[in-house]
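Below: one structure, written as structure tokens.
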Amino acid sequence: MDVKERALAGAIGGFGGTFVLSGLRQALASMGAVFTTAPEQVVMRAEELGLLERFSPGAKKALVLAAHFLYGTGVGATFGALRGEYEEP
């Protein structure tokens, strides 16, 4: 498997893992154990800087969701690409 294939496999795993962890995050948030995620913090900071003035509240939620999945997919792709090749002895 070359680097591109490993990165693609990692990206797919990261995207799928984001679904699972999003469900866990929702459950923990409903219990008050989790408050804001990194993507939410980035969007809030962009709002503070006035970069999202024209965005509706629904568009801001969609932006948070997209950022959340992009983080998961990007980290998965990075770790997939960095994964080493293992040969059977």
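Just so it is clear, the structure is predicted and the values come from calculations on it, not from any experiment.
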Inset, instruction - Check whether Leu24 and Val75 end up in the same hydrophobic cluster, where Ile, Leu, Val, Met, Phe, Trp and Tyr are linked by side-chain heavy atoms less than 4.5 Å apart. - result: no
Inset, instruction - Scan for ring-ring contact (aromatic ring centres under 6.0 Å, His included) pairs involving residues 12-32, sequence neighbours excluded, and state none if there are none. - result: Phe15-Phe19, Phe15-Phe69, Phe19-Phe69
Legend entry - Atom CD of Glu48: over 12 foreign heavy atoms under 6.0 Å: yes
Legend entry - Modelled atom types, side-chain donor and acceptor of His68 and Thr37, under 3.5 Å: no
Inset, instruction - Working to the nearest 0.5 Å, report the span between CZ of Arg25 and OG1 of Thr36. - result: 7.5 Å
Legend entry - Short side-chain to backbone donor-acceptor contact, Thr73 and Leu70, under 3.5 Å: no
Inset, instruction - Provide the closest heavy-atom pair for Val64 versus Pro39 in the form atom of the first, atom of the second, distance. - result: O-CB, 3.8 Å
Legend entry - Donor-acceptor pair, side chain of Arg6 and main chain of Arg83, under 3.5 angstrom: yes
Legend entry - Heavy-atom side-chain contact between Phe55 and Val43 under 4.5 Å: no
Name the atoms and distances for all side-chain donor-acceptor pairs under 3.5 Å in residues 56-63, with sequence neighbours left out.
| from | atom 1 | to | atom 2 | distance (Å) |
| --- | --- | --- | --- | --- |
| Ser56 | OG | Ala59 | N | 3.1 |
| Lys60 | NZ | Glu47 | OE2 | 2.9 |

Legend entry - From Glu40 atom CD to Leu65 atom CG, the distance as rounded to the nearest 0.5 Å: 10.5 Å
Legend entry - From Leu8 atom CG to Lys4 atom NZ, the distance as rounded to the nearest 0.5 Å: 11.5 Å
